[in-house]
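In what follows, a single structure is set out as structure tokens and then discussed.
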Amino acid sequence: MLSFTLTLGLQVLVFLSSVTPSTPSPVVQSSGYLETRSNVLPLTANTIYEASVPTWHENLAVRANGQLLVTRMDAAILELIDPAATNTTPILINNFGTAYAGCLGITELGSDVFYVVAAAPFGSNFVKTSGTSSVFKIDMNTFAVDANGNVMGGATITKVADLPTAGFLNGMTTLNVNAGLVLIADSLNGTVYTLNVITGTYKVTIDDAKMKALSTAITPLGINGVKIRNGYLYFSNTGNPIFSRIPISSTTGCATGSSLVVASIPQVDDFVFRADGTAWMSQNQIQSESVVKNGVATLVAGNNFSTTLAGVTAGQFGRSTVTANILYLTTNGGLAIPVNGSIVVPGKVAYIDTSKYS
């Protein structure tokens with residue numbers, strides 16, 4: 001991630017690059033380990049919008065109308081992109097200011113009402129250097145633009161809570177709409193917070209060994225993406241090559257049983273489920289998008305030597321019948337780990353038609 005100033009941010013990137021293996025592996029994972037790439041037919045990644053360098057698109061949510069809300073980590077910015085529009089230039093929803101390093105997880109709770117993580121400034125070890133991370137409510141019901149893309153009415157933005165005890169807040173998902181509960185991953189501490197967005201109260205509700213980064217990881221970040229499916233919290237781990245799940249209570253967010261490894265897969269940032277239950281994994285540090293199906297991970301787009309999906313960070317599927325198999329993706333262009341150790345390209349928002357993969 002980038003820091004609260006461009007100067008410190010570039011120092012972070014230099015640090016990350018310095019610990020990157022000089023020779024990336026020419027293979028991809030299957031069953032968590034290795035399979036030659038010749039066995040995989042890559043899906044085509046199509047660019048919706050390409051920014052300048054350095055731009056870090058971190059996460060996204062899909063509105064009911066098909067527009068994308070995109071968080072950024074090179075600045076604490078939330079943007080809107082319409083993938084169906086002729087002009088896909090982002091519209092600024094909000095700049096949260098220099099008190100925050102950037103924006104990360106985003107989730108919808110209520111009709112067109114979203115919640116966004118804003119991260120406190122941090123250093124090269126991802127430990128915050130000042131301030132506190134916060135969660136903001138973004139009510140898009142008051143947002144309006146005219147036919148030329150001019151903002152006629154802004155989103156209503158409210159701070160929900162500061163979380164001063166948190167390390168590095170990252171992925172977020174909705175737990176209980178009626179109770180106003182969301183879950184937030186603390187990547188640095190390897191824990192999960194439950195936040196009540198109505199009252200602003202929060203606490204750590206899950207602390208599991210599979211959420212921690214390994215001591216040998218190139219970045220000290222553990223649990224990253226979080227999603228709930230069929231009573232289980234599924235979570236990726238950037239610093240430990242496992243994709244896991246744990247049963248949870250829908251009313252408290254607490255674990256109700258033991259965690260289990262679903263698949264072995266390295267360096268995953270965020271992920272998303274398709275309707276058929278396949279998990280689409282964004283592997284930021286190795287420029288790859290993979291799918292976990294029946295416990296096996298398969299590369300489907302990008303690769304460790306390609307700029308096609310350089311620094312792919314997160315994905316979300318469309319919400320209409322027509323776009324149900326369209327996977328929208330955010331990238332940072334390789335700012336975390338440059339392609340081949342030196343190549344950084346513009347961050348972009350892209351899409352993949354996943355209907356070809358079953």
Side-chain angles (χ1 to χ4, degrees), residues 1 28-33 57-61 71 73 104-107 117 126 167-175 182-193 206-214 216-230 232-248 255 259-274 277-302 309 311-317 327 329-332 336-337:
M1 308 301 175
V28 296
Q29 64 283 348
S30 180
S31 300
Y33 289 96
H57 300 108
E58 169 63 14
N59 215 313
L60 74 163
T71 65
M73 271 300 294
L104 294 100
I106 180 170
T107 191
V117 169
F126 295 91
F168 189 82
L169 295 181
N170 203 329
M172 178 164 56
T173 193
T174 299
L175 173 65
V182 298
L183 301 183
I184 313 171
D186 185 336
S187 295
L188 189 63
N189 292 321
T191 58
V192 174
Y193 280 89
I206 308 177
D207 186 345
D208 188 89
K210 294 183 183 66
M211 297 178 174
K212 315 297 181 183
L214 299 176
T216 54
I218 61 175
T219 53
L221 301 179
I223 182 173
N224 195 319
V226 285
K227 298 291 185 293
I228 297 170
R229 185 176 176 85
N230 298 329
Y232 289 89
L233 175 68
Y234 287 78
F235 55 95
S236 59
N237 190 320
T238 301
N240 189 351
I242 54 174
F243 176 48
S244 307
R245 73 179 192 182
I246 189 167
I248 60 169
S259 60
L260 174 73
V261 174
V262 175
S264 296
I265 177 170
Q267 295 169 300
V268 178
D269 195 322
D270 212 325
F271 69 96
V272 65
F273 284 105
R274 196 170 63 176
T278 53
W280 294 70
M281 322 293 286
S282 298
Q283 294 163 281
N284 178 358
Q285 297 172 339
I286 55 174
Q287 341 297 345
S288 302
E289 186 73 18
S290 295
V291 177
V292 170
K293 180 179 180 181
N294 299 325
V296 176
T298 303
L299 178 72
V300 293
L309 288 175
V312 59
T313 51
Q316 288 289 344
F317 282 96
L327 176 63
L329 297 166
T330 49
T331 81
N332 60 42
I337 303 291

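Remember, predicted model here, so these are calculated numbers, not experimental data.
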Closest non-hydrogen atom pair, Val268 against Asp270: CG1-O, 3.7 Å

Minimal non-hydrogen separation, Ala213 against Pro220, with atom names: CB-C, 3.9 Å

Nearest heavy-atom neighbours spanning Glu58 and Leu104: CG-CA, 3.7 Å

Donor on one side chain, acceptor on other, Ser244 and Lys210, under 3.5 Å: no

Set of side chain to side chain donor-acceptor pair (under 3.5 Å) partners for Thr107, sequence neighbours left out: Thr174

Derivation of the side-chain contact (heavy atoms from CB on, under 4.5 Å) call for Gln285 and Thr219: CA-CA 10 Å; Gln285 297 172 339; Thr219 53; 3.3 Å; yes

Nearest heavy-atom neighbours spanning Gln267 and Ile218: NE2-CD1, 3.5 Å

For the student: nearest non-hydrogen atoms of Ser259 and Asp208, plus distance: OG-OD2, 3.0 Å

Verdict with supporting geometry, Ile206 and Phe235, side-chain contact (heavy atoms from CB on, under 4.5 Å): CA-CA 12 Å; Ile206 308 177; Phe235 55 95; over 6 Å; no

Minimum heavy-atom distance between Asp186 and Ile223, given as atom pair plus value: O-CG2, 3.6 Å

Ring-ring centroid check Phe273 Tyr234, cutoff 6.0 Å: yes

Partner set under side chain to side chain donor-acceptor pair (under 3.5 Å) for Thr238, not counting sequence neighbours: Asn224

Main-chain N/O of Asn59 paired with Gln316 side-chain donor or acceptor, under 3.5 Å: no

Verdict with supporting geometry, Met281 and Val292, side-chain contact (heavy atoms from CB on, under 4.5 Å): CA-CA 7 Å; Met281 322 293 286; Val292 170; 3.9 Å; yes

Ser236 side-chain N/O to Asp269 backbone N/O, donor-acceptor pair under 3.5 Å: yes

Any donor-acceptor pair under 3.5 Å from Ser290 side chain to Ala297 backbone: no

Main-chain N/O of Ile286 paired with Ser288 side-chain donor or acceptor, under 3.5 Å: yes

Identified side chain to side chain contact (heavy atoms under 4.5 Å, CB included) partner of Val192 from the options Ile248, Leu175, Asp207, Leu233: Leu233

Donor on one side chain, acceptor on other, Ser282 and Trp280, under 3.5 Å: no

Plane angle bin for Phe168 and Phe126 - parallel if under 30°, tilted between 30 and 60°, otherwise perpendicular: perpendicular

